[in-house]
Amino acid sequence: MKRYRGGAFLKNPRELELMAEANRMVANMLDAIGDAIEVGLTTMHVEHLVQAMCIKYGVKPAFQGYRGYPYATCCSVNEAVVHGFPTERKLRSGDIVSVDIGVEYGGFVGDAARTYPVGDVDSETMRLMRVTEESLYLGIEKARSGNDLYDVSWAVQSHVEAAGFHVVKQYCGHGVGSRMHEKPDVPNFRPSSGSFPLAAGMVIAIEPMVGARTGNVRVLGDKWTAVTTDGSYAAHFEHSVAITSSGPRILSVSDRGLNRHTIPA
Ligand code: MF3
Ligand code: CO
């Protein structure tokens with residue numbers, strides 16, 4: 001990997017293909033979870049499914065052991081935004097669950113996340129998920145060399161806020177490569193100053209985290225789970241995206257292709 005500015009790295013074509021492969025496996029896992037999610041399932045079952053698929057694919061969970069994180073998945077239910085632990089609590093109709101997965105393959109990390117509805121979810125919460133997923137794709141559209149990184153941030157923020165929802169500012173997307181967290185940070189809001197020119201070869205994880213009535217979060221006593229301060233529900237969608245000379249290339253695409261999950265066709 002070639003050094004770029006501000007601690008970021010540029011990936012060559014061989015490295016990009018390894019990252020695409022790592023991310024394809026993550027996306028396949030997210031598809032499998034989408035098939036499995038139903039009322040009564042536990043998020044610990046989701047964890048076991050991912051552990052089994054990591055063994056099948058011969059990849060290593062990237063989150064487990066990262067700063068002491070104990071699991072392969074983050075499973076964040078309802079007011080939990082990110083970094084929730086899998087648990088034995090049975091999912092109920094009306095819940096939403098955000099699942100985030102990272103794997104290491106060939107020396108590179110794949111990282112992606114989706115929020116799933118469980119049973120019958122109320123229309124305002126469905127709208128929260130849809131707006132969050134839409135904001136991810138609007139951000140991706142700006143991930144082009146010649147643009148500024150914060151064009152991505154603004155595309156996310158402006159869409160979320162126009163819909164009356166709130167971006168979480170305490171957590172960011174990030175550069176990703178041989179390590180899960182590389183520079184630059186990818187905020188879901190436009191910072192008051194600064195710029196960072198996007199260049200072909202960069203790979204960034206764009207991950208809008210959106211609260212229904214607040215963007216403020218606090219971390220629970222487990223030291224990981226981030227929940228909204230007012231208990232309102234939150235959604236989280238993440239893709240790993242390469243900036244190429246021919247535009248953004250989403251790496252976290254499954255064998256089923258790139259599906260939008262909460263956005264009507
Ligand atoms: N996708 C998240 C991130 O990029 C997940 C990290 S979870 C952790 O920050 F446990 F590994 F920290
Ligand atoms: Co990430």
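Read the numbers this way: they start at 1 and go in the same order the structure lists the ligands and their atoms. Since the model is a prediction, treat every value here as computed from it, not as a measurement.
Taking only nitrogen or oxygen atoms, main chain and side chain alike, Tyr69 does not reach within less than 3.5 Å of ligand 1. The N/O atoms of Asp111, backbone and side chain alike, include one that comes under 3.5 Å of an N/O atom in ligand 1.
In this structure, of His83, Met180, Arg67, the residue bringing a heavy atom nearest to atom 11 (F) of ligand 1 is Met180.
Protein N/O/S atoms closer than 2.8 Å to the Co ion (ligand 2): Asp111 OD2, His174 NE2, Glu207 OE2, Glu238 OE2.
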Exercise. Could you walk me through whether Ser240 and Asn23 pass the side-chain hydrogen bond (donor to acceptor under 3.5 Å, both in side chains) test, one step at a time?
Key: CA-CA 7 Å; Ser240 291; Asn23 277 290; 3.3 Å; yes
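Ion pairing of Arg114 with Asp31 is present here, as a side-chain N (NZ or NE/NH1/NH2) and a carboxylate O approach within less than 4.0 Å. Salt bridge annotation for Arg3-Glu182: absent, with no cationic side-chain nitrogen under 4.0 angstrom from a carboxylate oxygen. Residues Glu21 and Arg24 are paired through a salt bridge, judged by an N-O separation under 4.0 Å between the basic side chain and the carboxylate. Contact check on Glu17 versus Arg14 returns no salt bridge, with no Lys/Arg side-chain nitrogen under 4.0 Å from an Asp/Glu carboxylate oxygen.
Atom 1 (N) of ligand 1 has Asp100 OD2, 2.6 Å as its closest protein atom, hydrogens excluded (heavy atom only). Atom 3 (C) of ligand 1 has His181 NE2, 3.3 Å as its closest protein atom, hydrogens excluded (heavy atom only). Remark: minimum distance from atom 7 (S) of ligand 1 to any protein heavy atom is reached at Cys74 SG, 3.6 Å. Protein heavy atom closest to atom 4 (O) of ligand 1, with residue, atom name and distance, is His174 NE2, 2.6 Å.
Nearest heavy atoms, Trp224 versus Arg67: CZ2-O, 3.5 Å. When every heavy atom of Thr228 is checked against every heavy atom of Ala234, the shortest pair comes out as CG2-CB, 4.1 Å. Shortest non-hydrogen contact noted between Val99 and Cys75 is CG2-SG, 4.3 Å.
Close contacts between ligand 1 and Tyr66 involve ligand atoms 8 (C), 11 (F), 12 (F) [criterion: under 4.0 Å to a heavy atom].
Side-chain contact between Asn188 and Lys169 is absent, with no heavy atoms from C-beta onward closer than 4.5 Å.
For the ligand labelled ligand 1, residue Trp224 lies inside the 4.0 Å heavy-atom shell.
The side chain to side chain contact (heavy atoms under 4.5 Å, CB included) search around Ser153 returns Tyr150, Pro187, not counting sequence neighbours.
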